[in-house]
Amino acid sequence: MSLLELRGVSRSYGEGSASVNALQEVSLSVDEGAMVAVMGPSGSGKSTLLSIAGTLEEPTSGEVRVGGQPVSAMSRGAKARLRRRTIGYVFQDFNLLPGLTAAENVALPLELDGTSGRKARLAALRTLERFGLGERASHYPDTMSGGERQRVAIARAMVGERKLVLADEPSGALDSVNGEAVMRLLHDACKKAGMGAVVVTHDAQLASWADRVVFLRDGHVTDQTAPPKDPQSLLTPEAET
Ligand code: ADP
Ligand code: MG
């Protein structure tokens with residue numbers, strides 16, 4: 001089943017001569033178990049694409065479906081529930097709350113959705129353990145490395161069986177080893193838990209973890225590969241034979 005579907009989605013900002021077409025007629029489908037990477041230069045619309053997919057912004061035209069349901073037909077409350085229960089977000093700068101431990105950060109979305117503190121904490125611990133962070137559960141973010149913090153942030157995005165994870169340059173602030181670890185984690189979650197993920201990255205090596213790479217330029221999808229043969233093929237044009 002398609003977890004996320006964008007059909008002819010456009011988004012513009014501003015009016016008249018000052019208007020910017022951040023996305024133009026973008027169509028994209030993410031099935032259960034699929035990891036899709038999005039690459040493109042700065043300003044090409046990558047973050048706008050994720051915001052619209054995550055129902056944080058509305059398209060100017062076109063249709064977005066999450067779990068088969070058209071987002072435009074949902075009430076504000078239904079969209080908020082979707083964001084709490086179905087969609088997880090991961091950001092470049094982790095966005096963990098500094099006053100909460102790793103486990104409390106991961107438990108927070110469940111508690112905000114009405115799960116009891118005890119249950120939320122158990123689910124958070126299980127998720128952290130799955131990510132090799134069980135021993136860090138009671139640590140505060142500023143005592144953890146960047147790689148650990150990003151893994152905690154991914155745990156927070158996935159806790160409670162969420163189905164769709166949207167990650168905006170999750171490895172952007174990490175070294176290559178930790179960047180790889182983050183991509184492997186997202187990849188495994190897609191394959192084992194049937195999650196779908198859209199992951200923005202600048203790095204062709206990291207993009208090669210994905211099943212498919214979508215290239216954006218000036219708001220247009222210029223190319224899609226499925227799947228990349230090897231990282232080098234994303235960097236250099238096809239050699240003449
Ligand atoms: P990327 O994430 O690929 O760097 P963005 O999606 O952030 O690109 O931005 C795409 C284009 O839309 C850019 O030209 C950017 O300046 C513009 N843009 C994004 N958000 C806004 C906004 N809230 N208001 C006006 N312009 C915006
Ligand atoms: Mg961006």
Side-chain angles (χ1 to χ4, degrees), residues 3-30 34-66 71-72 76 79-80 82-83 87-96 146-147 149-150 153-154 156-157 164-176 178-180 182-183 185-186 196-225 228 231 234-235:
L3 287 173
L4 171 68
E5 212 174 331
L6 271 59
R7 293 186 191 163
V9 166
S10 299
R11 168 78 208 205
S12 54
Y13 295 106
E15 281 177 13
S17 58
S19 92
V20 174
N21 294 319
L23 284 182
Q24 303 188 58
E25 293 286 327
V26 169
S27 294
L28 174 72
S29 169
V30 181
M35 180 179 185
V36 176
V38 177
M39 297 186 78
S42 180
S44 58
K46 304 181 299 295
S47 295
T48 303
L49 174 68
L50 287 197
S51 297
I52 289 176
T55 80
L56 298 169
E57 273 186 64
E58 287 178 10
T60 311
S61 61
E63 190 175 66
V64 181
R65 286 171 183 253
V66 177
V71 171
S72 60
R76 288 185 74 84
K79 273 193 259 188
L82 192 72
R83 289 193 293 266
I87 303 175
Y89 303 88
V90 183
F91 306 93
Q92 178 169 342
D93 51 3
F94 324 133
N95 281 354
L96 297 174
R149 280 186 240 181
Q150 194 58 301
I154 294 173
R156 180 182 58 184
L164 178 64
V165 167
L166 306 171
D168 201 347
E169 305 202 38
S171 54
L174 303 176
D175 61 31
S176 61
N178 281 299
E180 291 276 341
V182 158
M183 296 304 269
L185 220 152
L186 289 166
V198 183
V199 186
V200 170
T201 178
H202 272 119
D203 186 319
Q205 171 78 37
L206 296 180
S208 70
W209 279 96
D211 301 300
R212 189 149 45 99
V213 184
V214 173
F215 296 88
L216 277 183
R217 180 174 284 272
D218 299 331
H220 290 282
V221 173
T222 56
D223 200 6
Q224 299 204 29
T225 70
L234 301 178
L235 294 171

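The model shown is predicted, which means the values in this text are computed figures rather than measured ones. Both ligands and their constituent atoms are indexed starting at 1 by order of listing. Atom set for the values below is all heavy atoms of this structure, side chains included, hydrogens, waters and symmetry mates excluded.
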When you look for heavy atoms under 4.0 Å from ligand 1, do you find them on the side chain of V20, its backbone, both, or neither? side chain
Which residue and heavy atom of the protein sit nearest atom 6 (O) of ligand 1, plus the separation: T48 OG1, 2.6 Å
Nearest-0.5 Å distance, CG of residue L166 to CZ of residue F91: 9.0 Å
Contact with ligand 1 for S42, non-hydrogen, under 4.0 angstrom: yes
Below 3.5 Å, N or O to N or O, backbone or side chain included: is there any such pair between A22 and ligand 1? no
Any non-hydrogen side-chain atom of V71 less than 4.5 Å from a side-chain atom of K79? yes
Look up atom 15 (C) of ligand 1 and tell me if a protein heavy atom lies less than 4.0 Å from it? no
For atom 3 (O) of ligand 1, what's the nearest protein heavy atom and its distance? K46 NZ, 2.8 Å
Between atom CD1 of I154 and atom CG of L186, what is the distance when rounded to the nearest 0.5 Å? 4.5 Å
Residues E25 and H220: side-chain donor-acceptor under 3.5 angstrom: no
Decide whether an N or O pair under 3.5 Å exists between G45 and ligand 1. yes
Has S47 got an N, O or S atom lying less than 2.8 Å from the Mg ion (ligand 2)? yes
Only heavy atoms of P41, strictly under 4.0 Å: list the atoms of ligand 1 that pass. 3 (O)
Nearest neighbour in protein (non-hydrogen) for atom 27 (C) of ligand 1: Y13 CD1, 3.2 Å
Quick one: nearest non-hydrogen protein atom to atom 7 (O) of ligand 1, plus distance? S47 CB, 3.7 Å
Could a heavy atom of S44 be found less than 4.0 Å from some atom of ligand 1? yes
Does the side chain of R212 come under 3.5 Å of the side chain of T225 through a donor N or O and an acceptor N or O? no
Top protein contact for atom 13 (C) of ligand 1, by heavy-atom distance: G43 O, 3.8 Å
From CA spacing to verdict: side-chain contact (heavy atoms from CB on, under 4.5 Å), M39, K46: CA-CA 7 Å; M39 297 186 78; K46 304 181 299 295; 5.8 Å; no
Sub-4.5 Å side-chain heavy-atom contact between L206 and E180: yes
Which residues share a side-chain contact (heavy atoms from CB on, under 4.5 Å) with E5, sequence neighbours left out: S2, R7, S29, R65
May I have the step-by-step check of side-chain contact (heavy atoms from CB on, under 4.5 Å) for L174 and V182, ending in yes or no? CA-CA 9 Å; L174 303 176; V182 158; 3.6 Å; yes
